[in-house]
Amino acid sequence: MPRPKTKEELIFFSNENLKKLNSFIENLDADKQLKEFPEGTLNRNIRDVLAHLHHWHIMMLDWYEVGMSGVKPEMPAKGYTWKTTPALNKWIWEEYQSKNLNEVKELLVDSFKKVQDLIVNHTNDELFEKKRYKWTGSTSLGAYLVSATSSHYDWALKLIKKANK
């Protein structure tokens, strides 16, 4: 999958990749949707993967809100650094263990819509001009959004496919 470089590509690939992911999941029978993955991954089932995606949407939305207010957001999350992302992902995994697959699917739909609204409300330059916003550092807002959407959905689909072989 090519990495989106424009607003139109970001909208298209974020929608398309989530559609592919959801379609793959929906085409699995109910037992396979709930099946545990083979050992070796933090996310042990489809619910865990979708919860992971949802929570990264929430973090992206928080970074945006804080960053656009003129304050540097704590990234990736309070108490974590990019080097401690595995520990953050474990915390995320623990946070959603009480939710069922359908609840997590609903959360993902909701957070996806909010991220899409954010994308739609910006121009191409606002999304992809590097260093435009102080809080994004040397990169662009769009780069963060690509990572939180289209490329993340691609990762999720590959993980779920691999676990269902």
Under the side-chain contact (heavy atoms from CB on, under 4.5 Å) test, residues paired with N121 that sit two or more places apart: D117
Side chain to side chain contact (heavy atoms under 4.5 Å, CB included) evaluation trace for S138 with K130: CA-CA 6 Å; S138 62; K130 290 182 179 183; over 6 Å; no
Can you get from [X] to [Y] by hopping between Ile, Leu, Val, Met, Phe, Trp and Tyr side chains that sit under 4.5 Å apart?
X	Y	result
L53	L28	yes
I92	V115	yes
L42	V49	no
L157	L101	yes
L118	V109	no

Would you confirm whether [X], through its side chain, and [Y], through its main-chain N or O, come within 3.5 Å as a donor-acceptor pair?
X	Y	result
N17	S150	yes
K7	V120	yes
E16	F13	no
R44	F37	yes

Just how far is it from atom [atom1] of [X] to atom [atom2] of [Y], taken to the nearest 0.5 Å?
X	Y	atom1	atom2	answer
N15	I11	CG	CD1	8.0 Å
L18	L50	CG	CG	8.5 Å
K90	E94	NZ	CD	5.0 Å
K99	E106	NZ	CD	10.0 Å
I160	K32	CD1	NZ	13.0 Å
E129	S140	CD	OG	9.5 Å

For a 4.5 angstrom cut-off between non-hydrogen side-chain atoms, does [X] reach [Y]?
X	Y	value
H52	W93	no
T136	W63	no
K20	Y153	no
E126	L141	no
V104	N100	no
N45	K35	no
D48	Q97	yes
E74	M59	no

Sequence neighbours excluded - ring-ring contact (aromatic ring centres under 6.0 Å, His included) pairs with any residue from residues 109-132: Y64-H122
Residues which pass ring pair (Phe, Tyr, Trp, His ring centres under 6.0 Å) with Y96, listed by chain and number, not counting sequence neighbours: H54, H55
Verdict with reasoning, S23 to N27, per side chain to side chain contact (heavy atoms under 4.5 Å, CB included): CA-CA 6 Å; S23 178; N27 285 319; 3.4 Å; yes
CA sep, side-chain torsions, deciding dist, call: S147, R3, side chain to side chain contact (heavy atoms under 4.5 Å, CB included): CA-CA 9 Å; S147 295; R3 190 166 174 85; 3.5 Å; yes
L88/W91 under side chain to side chain contact (heavy atoms under 4.5 Å, CB included): CA gap, chis, key distance, verdict: CA-CA 5 Å; L88 171 59; W91 177 85; 4.2 Å; yes
Sidechain N-carboxylate O distance under 4.0 Å for K114, D110: yes
SB check E103 R47 (cutoff 4.0 Å): no
Exercise: do H152 and H57 side chains pair donor with acceptor under 3.5 Å: no
Sequence neighbours excluded - side-chain hydrogen bond (donor to acceptor under 3.5 Å, both in side chains) pairs with any residue from residues 75-89: W56-N89, T81-T84
Sequence neighbours excluded - salt bridge (charged side-chain N to carboxylate O under 4.0 Å, His left out) pairs with any residue from residues 59-72: none
Side-chain hydrophobic cluster, 4.5 Å single linkage: members besides V66: V71
